[in-house]
Amino acid sequence: MMENLLLTDLVADLPQAVRLQRLVGSLRAHFRCGAVALLQLEEDQLRPVAIDGLVRDALGRRFAVGLHPRLAAILARRDVTCFHHDSVLPDPYDGLIDERVGEPLPVHDCMGTSLHVEGQPWGVLTLDALTVGTFGEEAQADLRQLTVVVEAAIRTTRLEAEIRALRLTRGEAPQGDAARDDGEIIGQSEAIGRLLHELTVVADSELPVLLLGETGVGKELFAHRLHRLSRRRAQPLIHVNCAALPESLAESELFGHAKGAFSGAVGERPGRFEAADGGTLFLDEVGELPLSIQAKLLRTLQNGEIQRLGSDRPRRVDVRIIAATNRSLRDHVRDGSFRADLYHRLSVYPIPIPPLRERGNDVLLLAGRMLELNRARLGLRSLRLSVAAEAALRRYPWPGNVRELEHVISRAALKTVSRGANRNDIITLEAELLDLDGLEPAPAGVAAPLPPAEPRAFVPAATLREAVDQCQRHCIEQALATQGGNWAQAARQLGMDASNLHKLARRLGVKPDDRPQRIAG
């Protein structure tokens, strides 16, 4: 009976996501268990592609095989593997069964099987129950028979994906969820689906692309995806942070310099354009480029040639440009701080990236990814969100987008551990731990402010110059704290050019923010 139901879905014309979701739903009903999950192996991690009975954020989690011995054991065998209630191995789904009332419960029974497609490991199917003895000999034998049908469903979805990819290369419009193979870009909302489709279409062209979006939406991540999908994927992607280029060194950094071009130029040095020759150059925060450099960049985009600083010989380069900005370049064209001709060259194909507040339940998938990262980083058995915390995440407008979400989850996890939570318990993050209600949302497009730095003890200055330096240092530190460590935004707040702010900060001993990079969506 169960085999017939699965075979009916197998021959039906269903979108991939629907087919796999119906598969896990049918298996859960058949085995009368708490949860079923289908996880695909990607290098050394297992990524959930369909779940039934687990909390929503589980779809965003990535389970490192080396950190989850039960999943590793299931993956290593070609037969059904069963873990009973007295197993000492930790269960990856403890606390993640979608029980909306009462305390989170640990999993009591678990069984699973590895899945293979074309003779190669594809992933695993797991079944979990809160009732002891759910998966006896009969259930295990039943799963052995159904594994063949599950693998057939996976082969069908893979074949359909290959057909859609072939249609796309022929110029045919993809249908359904053709563009949903999103790698490390986590999200299932309509907004992110449209964006991924658009990236797939434009990636194979040679058009310059301008990524538009607020601070923290993950513009760099989408630039990497564009390059990875392009015909230049085997060549380098060179990243240039335009906001961090001092005006005096910007030309040398981009175009290189000849020996003796300036004091300290003891030899020839290629620039970023030459490093990206044959590949892609990603100009991040392109709106911060000084006007003098904008003119030289325009010339390169027009004729495909660069000229090293101090050299008379032009050099040909073959580079595709991807630019990104969180500013309105149209406004800067109007006020004269950005060249109109360069703007039109860069914005041949503008792509707006939706802010997190417009991505619906994607916030929970991203939170799941961050919860699992923090669980592994802090050595916790289980880390989950309460129902109230999930609701708070959905309500909040996220002015700092994915970057702010990462800060919120990491801070709450650390706060819980610092307050003495037992690492062997199922730890639930409550809404009040997220500190969202007390935050004053910043205007759209502005990063969430960092907590203000500890005030320095005031020491009266001996001279007027020392007093001025002390005041300038304090203003720079406060601006950086307000703007989340973003030097370009701090410069705008202070009414300064970004390169001049860097020079002044170096003289005053204010060091750049050296915190690690965040995850984007």
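Note that the structure is predicted; figures quoted are calculated from it, not measured.
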In the structure I gave you, are the side-chain heavy atoms of [X] and [Y] within less than 4.5 Å of one another anywhere?
| X | Y | value |
| --- | --- | --- |
| L20 | V24 | no |
| M370 | V402 | yes |
| V417 | L380 | yes |
| T416 | L383 | no |
| T147 | L115 | yes |
| T134 | F31 | no |
| L27 | L38 | no |
| W398 | V408 | yes |

Query raised in the report: Should T428 and R384 be marked as a side-chain contact (heavy atoms from CB on, under 4.5 Å) after you check the CA-CA gap, both sets of side-chain angles, and the distance that decides it?
Result: CA-CA 5 Å; T428 301; R384 67 193 296 274; 3.3 Å; yes

If you compare all heavy atoms of [X] against all heavy atoms of [Y], which two are closest, and at what distance to 0.1 Å?
| X | Y | result |
| --- | --- | --- |
| R357 | P397 | CB-O, 3.3 Å |
| T325 | R327 | OG1-N, 3.0 Å |
| G187 | R359 | CA-NH2, 4.0 Å |
| S410 | R377 | OG-NH1, 4.3 Å |
| A276 | P236 | CA-CG, 4.4 Å |
| T126 | D128 | OG1-OD2, 4.0 Å |

Rounded at 0.5 Å granularity, tell me how far [atom1] in [X] sits from [atom2] in [Y].
| X | Y | atom1 | atom2 | answer |
| --- | --- | --- | --- | --- |
| H239 | H227 | NE2 | NE2 | 13.5 Å |
| L143 | Q140 | CG | CD | 8.5 Å |
| D94 | I427 | CG | CD1 | 12.5 Å |
| E390 | L393 | CD | CG | 7.5 Å |
| L226 | F282 | CG | CZ | 9.5 Å |
| I74 | L39 | CD1 | CG | 9.0 Å |

Query raised in the report: Is the closest basic N to carboxylate O distance between R375 and E372 below 4.0 Å?
Result: yes

**Report entry** Pairing of E198 and R194 as salt bridge, 4.0 angstrom limit
**Finding:** no

Side chain of [X], backbone of [Y]: donor and acceptor closer than 3.5 Å?
| X | Y | result |
| --- | --- | --- |
| R77 | L75 | no |
| Q40 | L46 | no |
| R70 | L89 | yes |
| K219 | E214 | yes |

Sort out for me which residue in [options] forms a side-chain contact (heavy atoms from CB on, under 4.5 Å) with [X].
| X | options | result |
| --- | --- | --- |
| V240 | D284, V286, L281 | L281 |
| I351 | I322, V202, L212 | V202 |
| D57 | V55, L59, L54 | V55 |

Query raised in the report: Hey, mind stepping through D362 and L365 against side-chain contact (heavy atoms from CB on, under 4.5 Å) and telling me if it holds?
Result: CA-CA 5 Å; D362 282 358; L365 304 189; 4.2 Å; yes

Requested in this report: Evaluate side-chain contact (heavy atoms from CB on, under 4.5 Å) for V201 paired with H197, printing each intermediate quantity in order.
Outcome: CA-CA 6 Å; V201 172; H197 177 196; 3.6 Å; yes

**Report entry** Set of residues satisfying side chain to side chain donor-acceptor pair (under 3.5 Å) with respect to E430, sequence neighbours excluded
**Finding:** S386

Query raised in the report: Under the side chain to side chain donor-acceptor pair (under 3.5 Å) test, which residues partner D204, sequence neighbours left out?
Result: R231

Query - Aromatic plane relationship, Y93 with F63 - under 30° parallel, 30 to 60° tilted, over 60° perpendicular - result: perpendicular

Report summary line: Hits for salt bridge (Lys or Arg N to Asp or Glu O under 4.0 Å) against R272, two or more places apart or cross-chain, chain-then-number order -> E253

Query - Trace of the side-chain contact (heavy atoms from CB on, under 4.5 Å) decision for L146 with H30 - result: CA-CA 11 Å; L146 293 173; H30 176 72; 4.1 Å; yes

